[in-house]
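In this chain, residues are counted from 1 in sequence order.
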Amino acid sequence: MPNEKTLMQVFTFLLALMSLTIMICAVSFAAEKGKKTFVTKAGYTITIEEAETDEPSLYADPDQTVVKPYNLTITDRNGVKIGVYTAKFTGLYSRVDRTSQMLDVTVSKKSGSATYVSWQTHTDAEDGFATFYVLGEYFGTLTGHISYTGSFTFDFSE
């Protein structure tokens with residue numbers, strides 16, 4: 001029968017192994033959530049990164065408003081940064097009623113030239129849209145979707 005010291009060493013090893021596994025899973029999840037990069041047919045690149053925000057509470061009031069910002073970095077074919085922009089999606093959700101609605105989409109320039117990039121925004125039910133133009137030509141659309149749980153998903157299409 002193993003002695004008490006051996007049992008403690010095995011227990012400590014298993015505890016350390018479980019902690020390491022949890023840390024690897026957390027890092028993996030954070031990397032998936034971070035950012036996505038898209039390359040357009042014209043060779044432009046857009047990197048979309050979820051900005052820091054307060055996550056909705058699981059025990060929130062029935063109707064809650066939540067804002068989800070995304071930082072967008074646009075570069076040209078040569079890798080030269082055209083600009084950095086923030087798109088903020090504001091939505092209303094209710095876990096109790098199982099409903100959600102996109103209220104507003106705003107875009108602001110953090111850096112770059114306003115003459116290169118322009119945009120239009122609109123909402124439709126649970127979706128919000130930020131359509132971007134580079135030098136007057138259609139570039140692509142960032143679409144945000146809010147669920148009745150208050151979580152957001154996004155996609156970029158050209």
- Check whether any side-chain heavy atom of E126 lies under 4.5 Å from a side-chain heavy atom of Y93, and answer yes or no. no
- Message: Nearest 0.5 angstrom please: Q64 CD to T149 OG1, how far?
- Response: 12.5 Å
- Smallest heavy-atom separation, V105 atom then G128 atom, equals CG2-CA, 3.6 Å
- Message: Can you see whether F154 has K68 sitting over its ring - NZ or CZ less than 6.0 Å from the centre and within 45° of the normal?
- Response: no
- Using the rule that two of Ile, Leu, Val, Met, Phe, Trp, Tyr join whenever any of their side-chain heavy atoms come within less than 4.5 Å, decide whether I82 and L135 are in one cluster. yes
- The reported gap from CG in D104 to NE2 in H122 (rounded to nearest 0.5 angstrom) is 12.5 Å
- Message: Once you measure the plane-to-plane angle for Y85 and W119, does it fall in the parallel (<30°), tilted (30-60°) or perpendicular (>60°) bin?
- Response: perpendicular
- Query: How close do E158 and Y138 get, heavy atom to heavy atom, and via which atoms?
  - Reply: C-CE2, 3.5 Å
- Which distance, rounded to the nearest 0.5 Å, do you find between the CG of L72 and the OG1 of T47? 9.0 Å
- Message: Does the Lys NZ or Arg CZ of R77 fall within the cation-pi geometry relative to Y44 - under 6.0 Å from the ring centre and within 45° of the axis?
- Response: yes
- Message: So, using side chain to side chain donor-acceptor pair (under 3.5 Å) as the criterion, who are the partners of T131 when residues are at least two apart?
- Response: T141
- Distance from T153 atom OG1 to F89 atom CZ, nearest 0.5 Å? 10.0 Å
- Query: Quick one: does I146's side chain get under 4.5 Å of Q101's, heavy atoms only?
  - Reply: no
- Note on the structure: Scanning both residues in full, the closest heavy-atom pair of F132 with V117 reads CD2-CG1, 4.0 Å
- Any side-chain heavy atom of T121 sitting closer than 4.5 Å to one from T106? no
- Any T65 side-chain heavy atom under 4.5 Å of T90 side chain: yes
- Atom CZ of R95 and atom OG of S100: how far apart are they, to the nearest 0.5 Å? 11.5 Å
- Task: Using the test ring-ring contact (aromatic ring centres under 6.0 Å, His included), find all partners of F156 that sit at least two apart in sequence or belong to another chain.
- Result: F38, F139
- Validation row: F129, D124 side chains within 4.5 angstrom (heavy atoms): yes
- D63 and S94: which non-hydrogen atoms are nearest, and at how many Å? OD1-CB, 3.2 Å
- Smallest heavy-atom separation, V107 atom then A130 atom, equals CG2-CB, 3.9 Å
- Item | From NE2 (H145) to OG (S151), nearest 0.5 Å | 8.0 Å
- Side chains of D76 and Y116 in contact at under 4.5 Å (non-hydrogen atoms): no
